[in-house]
Amino acid sequence: MMQGLSAGDRAAPPALALDVRSWPIIEWSAGRIQQIVLLHLASRGDEALGRADVASQYGSTLWCGLVSSGLVGVSWSWQHIAPGVLAIADPLAICSNLRWLGDDGHVLGAIAGAALHNRLVASLHWQDAVRDAVQANTPAPVVSWPEQPFVRC
């Protein structure tokens, strides 16, 4: 074990090669959420230093889909919470290049946007795909979007 770290310390989840925060923003109506079809692109997993229990396993995942106005990306960190059970590590920290619009066409606030991101992720049944990818240790594709504005999650 590395000096200075206790068994309870956590490293940051591994980064994926694709970072949706730098993708072009896609404005999308909240009323059309069901029209977004996302596919699993990549996942990474790791274990906290010095721990072998299931709850120490964590990572991140990336999903993407094509809508009429461009490529949508959604990523989040996950953690094992019980044998065979994965959960979103922080439901308020789902990253995406989606900017949600209300029925009036105005941009929705952060809380409403976070709720819609969670609704979108919940519709994916993502746990099996992530578990399979992490067990297979498949590498993430490397793609970049040069000269695009940085958008915070």
Side-chain angles (χ1 to χ4, degrees), residues 10-49 54-153:
R10 301 186 74 70
L16 292 172
L18 294 173
D19 186 353
V20 298
R21 295 175 298 180
S22 64
W23 293 16
I25 294 172
I26 302 294
E27 292 188 337
W28 198 257
S29 170
R32 296 178 16 189
I33 190 171
Q34 70 282 355
Q35 294 176 4
I36 300 174
V37 177
L38 298 175
L39 301 174
H40 181 247
L41 188 59
S43 290
R44 289 281 188 254
D46 207 349
E47 287 188 5
L49 293 173
V54 168
S56 70
Q57 298 169 352
Y58 60 94
S60 55
T61 187
L62 172 65
W63 293 66
C64 70
L66 191 59
V67 296
S68 59
S69 50
L71 188 64
V72 170
V74 181
S75 65
W76 63 94
S77 295
W78 54 265
Q79 181 172 0
H80 270 115
I81 58 172
V85 180
L86 303 179
I88 299 170
D90 183 352
L92 295 177
I94 296 172
C95 291
S96 179
N97 63 329
L98 281 169
R99 180 180 294 158
W100 296 104
L101 305 176
D103 292 338
D104 60 1
H106 288 93
V107 175
L108 295 177
I111 299 299
L116 286 163
H117 282 115
N118 276 274
R119 184 174 157 197
L120 186 60
V121 169
S123 73
L124 295 175
H125 305 289
W126 56 272
Q127 293 87 348
D128 289 335
V130 168
R131 192 178 309 106
D132 292 347
V134 169
Q135 287 174 351
N137 197 20
T138 53
V142 178
V143 175
S144 63
W145 296 84
E147 300 178 26
Q148 294 297 326
F150 183 80
V151 180
R152 294 194 181 269
C153 296

Quiz prompt | Nearest heavy atoms of Ser75 and Leu62, plus distance in Å | solution = CB-CD1, 4.0 Å
Self-check item: Residue Arg32 excluded, over 12 heavy atoms near CZ under 6.0 Å
Solution: yes
Self-check item: Nearest atoms (heavy-atom pairs only) where Val20 meets Asn97
Solution: O-CB, 3.7 Å
Quiz item: To the nearest 0.5 Å, what is the distance between CG (Leu66) and CD1 (Ile36)?
Solution: 11.5 Å
Quiz prompt | Any side-chain heavy-atom pair of Trp63 and Leu41 under 4.5 Å | solution = no
Quiz item: Got a second to check how far Glu27's CD is from Leu108's CG, nearest 0.5 Å?
Solution: 10.5 Å
Quiz item: Quick one: side-chain hydrogen bond (donor to acceptor under 3.5 Å, both in side chains) partners of His125, sequence neighbours excluded?
Solution: none
Quiz item: Nearest 0.5 Å, what's the CG-CG distance between Leu124 and Leu39?
Solution: 9.0 Å
Exercise. Anything under 30° is parallel, anything over 60° is perpendicular, the rest tilted; go ahead and classify Trp100 against His117.
Key: perpendicular
Quiz item: Distance under 6.0 Å and angle within 45° of the ring axis: does Arg21 meet both against Trp23?
Solution: no
Practice problem: Quick one: pull up OG in Ser96 and CD1 in Ile26 and give me the separation to the nearest 0.5 Å. | Solution: 9.0 Å
Practice problem: Output the distance between atom CG (Leu120) and atom CG (Leu98), rounded to the nearest 0.5 Å. | Solution: 7.0 Å
Quiz item: Could you walk me through whether Leu101 and Trp28 pass the side-chain contact (heavy atoms from CB on, under 4.5 Å) check?
Solution: CA-CA 6 Å; Leu101 305 176; Trp28 198 257; over 6 Å; no
Quiz item: Can you name the nearest heavy-atom pair linking Val130 to Ser43, along with the distance?
Solution: CG2-OG, 3.5 Å
Quiz item: For Ala30 and Leu116, which heavy atoms make the closest approach, and how far apart are they?
Solution: CB-CD1, 3.5 Å
Quiz item: Is the Trp78 to Trp126 ring centre distance short of 6.0 Å?
Solution: no
Return a table of donor-acceptor pairs under 3.5 angstrom between the side chains of residues 83-91 and protein atoms on other chains or two or more places apart.
unit_1	atom_1	unit_2	atom_2	d
Asp90	OD1	Leu92	N	3.0

Quiz item: Say you draw a straight line from CZ of Arg119 to CD1 of Ile94; how long is it, rounded to the nearest 0.5 Å?
Solution: 13.5 Å
